[in-house]
Number of protein chains: 2
Amino acid sequence: MTARSEILPALAEVFREHGYAGASLALISQATGLGKGSLYHLFPGGKAEMAACVLEEIDAWFETNLYRPLRERDPPERGISDMFDSVASYFRSGQRVCLVGVLALGTSRDLFAEAVRGYFARWVAALADALRRSGQDAAASTALAEEVVAQIQGAIVLARALDQPALFTRALATLRSRMATAAG
Amino acid sequence: MTARSEILPALAEVFREHGYAGASLALISQATGLGKGSLYHLFPGGKAEMAACVLEEIDAWFETNLYRPLRERDPPERGISDMFDSVASYFRSGQRVCLVGVLALGTSRDLFAEAVRGYFARWVAALADALRRSGQDAAASTALAEEVVAQIQGAIVLARALDQPALFTRALATLRSRMATAAG
DNA sequence: TGATTTTTGTACCGATCGGTACAAAGTTGT
DNA sequence: ACAACTTTGTACCGATCGGTACAAAAATCA
């Protein structure tokens, strides 16, 4: 009696490491310790349902730990600062890849287009909201929010490509201080 | 008698669209119009050699159109400006994905680790060189160069995820003006 | 033209793919 | 203990994977 939520982390890691196409049931079975029988019992929809479930959980995590604080935390600078803490820990200081980003670049984007779009749209919207609340005008807030989210995604790519996780940490620090001056 | 160079563009497009794992020989055969016989005649090493060849060509293109101008163009501001033009056209104003970025995020990074690392390392180094020549101190040049390359990669991800190619164009414009003030 | 070599299409290989069937094993309620 | 139900492992399915063998077909050279 294994619950879906118990194996979602392992499942997410497989998709992150191998992408949607590369995450074979054999790999998934090995990573979760569950046979095909159990997997298809938990996820009758197969791989697609597994990935959808993982995305749902990721979205929920970001909603709780990023989006909501960004929208509601007072002063808004606190929400922004917390965002950087959460991002740093979630992406393991640059050693962990963003599954949603991976899916966005691949063909599987078509399968999960809505989830992928929503993830980034909500992130940008929440961050822009915090910026607006801190005094920026609406247009500048959205532009800066897009820039910051893109910078985070790009830093993941670059840190991974150069095998320099520290680059990711540095990028976060730079963004943090830039936003402190922008928002303060 | 089809030459390797003739089919490399189609080949690159398949890898870009489907990733390394997702680019099956059936897809490759269809995209290039060549049967397996011809493919394995041109690339005895199979998929791995095809991808390596594509990466080599990409690297050569960037060397000619980006890295060298960045290092040698005078004044350096010209090289930087040309870089943005080249980047905009190469990535089809945000509608085309960066294959090297895709590989960097996937497992296939291990297979092409050196090529992936070299691509980004040379880009950052060339851009940092141009910045240094334009008067920035060495440390700031490298930091800014990493930031810019990351921003470009992130903008690709974000533009694709949100299905808003214009976001990529806007990001380039922002970077361009920021660097004009930094380098000028 | 005929001999030689390069290029191509097709049939095939074992392995693995995602997914299904189903019975054994485990759990639960009584 | 027994029946009802849930969870799991294993065998198997057709399809497709990357790759090989090889002969027909082109092209080249004499």
Side-chain angles (χ1 to χ4, degrees), chain A residues 1-57 99 102-103 105-113 115-116, chain B residues 1-57 99 102-103 106-113 115:
Chain A
M1 65 152 197
T2 314
R4 275 155 60 130
S5 61
E6 291 178 37
I7 66 161
L8 278 183
L11 212 43
E13 211 51 38
V14 177
F15 283 120
R16 254 188 285 270
E17 287 298 319
H18 300 88
Y20 183 72
S24 69
L25 286 186
L27 275 172
I28 293 172
S29 181
Q30 180 194 336
T32 58
L34 265 54
K36 285 192 183 185
S38 312
L39 286 174
Y40 273 86
H41 176 70
L42 290 171
F43 305 94
K47 252 177 81 168
E49 186 176 351
M50 298 181 204
C53 246
V54 166
L55 282 178
E56 201 175 331
E57 202 208 31
L99 173 57
V102 171
L103 293 181
L105 289 181
T107 342
S108 38
R109 186 194 62 133
D110 307 328
L111 251 172
F112 309 108
V116 167
Chain B
M1 66 151 198
T2 314
R4 275 157 58 130
S5 60
E6 290 178 37
I7 66 162
L8 277 183
L11 211 44
E13 210 51 38
V14 178
F15 282 120
R16 255 189 283 270
E17 286 300 317
H18 300 88
Y20 183 73
S24 69
L25 287 186
L27 275 172
I28 293 172
S29 181
Q30 179 195 335
T32 59
L34 266 55
K36 285 191 182 185
S38 313
L39 286 173
Y40 272 85
H41 176 69
L42 290 170
F43 305 94
K47 253 177 80 168
E49 186 176 351
M50 298 180 204
C53 248
V54 166
L55 283 177
E56 201 175 330
E57 202 208 30
L99 172 58
V102 170
L103 293 181
T107 342
S108 38
R109 186 193 62 134
D110 306 328
L111 252 172
F112 309 108

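This is a predicted model, so every value here is computed, not measured. Letters go in sequence order (proteins before strands), and every chain restarts at 1.
B:Arg4 has its CZ atom 16 Å from the P atom of C:dT6, to the nearest Å. Between the CG atom of A:Leu42 and the C1' atom of D:dT6 there is a distance of 11 Å, rounded to whole Å.
OP1 and OP2 of C:dT8 both lie 4.0 Å or more from every side-chain N or O belonging to B:His41.
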Q. Under the side chain to side chain contact (heavy atoms under 4.5 Å, CB included) criterion, do A:Leu42 and A:Met50 qualify, and how do the steps go?
A. CA-CA 9 Å; A:Leu42 290 171; A:Met50 298 181 204; over 6 Å; no
Q) Would B:Phe43 and B:Ile7 satisfy side chain to side chain contact (heavy atoms under 4.5 Å, CB included), going step by step from the backbone distance to the final call? A) CA-CA 11 Å; B:Phe43 305 94; B:Ile7 66 162; 3.6 Å; yes
Where do N or O atoms of nucleotides 17-20 of chain D meet protein N or O atoms at under 3.5 Å, pair by pair?
from	atom 1	to	atom 2	distance (Å)
D:dC17	OP1	B:Ser24	OG	3.1
D:dG18	OP1	B:Ala23	O	3.4
D:dG18	OP1	B:Lys47	NZ	3.1
D:dG18	OP2	B:Leu25	N	2.7
D:dG19	OP2	B:Tyr40	OH	2.6
D:dG19	OP2	B:Lys47	N	3.2
D:dG19	O5'	B:Tyr40	OH	3.1
D:dG19	N7	B:Lys36	NZ	3.1
D:dG19	O6	B:Lys36	NZ	2.1

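In this structure, B:Glu56 has no side-chain contact (heavy atoms from CB on, under 4.5 Å) partners at least two apart in sequence or on a different chain.
Within the 3.5 Å criterion, the main-chain N or O of A:Ala23 finds a donor-acceptor partner in the side chain of A:Lys47.
Put simply, the side chain of B:Leu55 reaches to within 4.5 Å of the side chain of B:Leu103, judged on heavy atoms.
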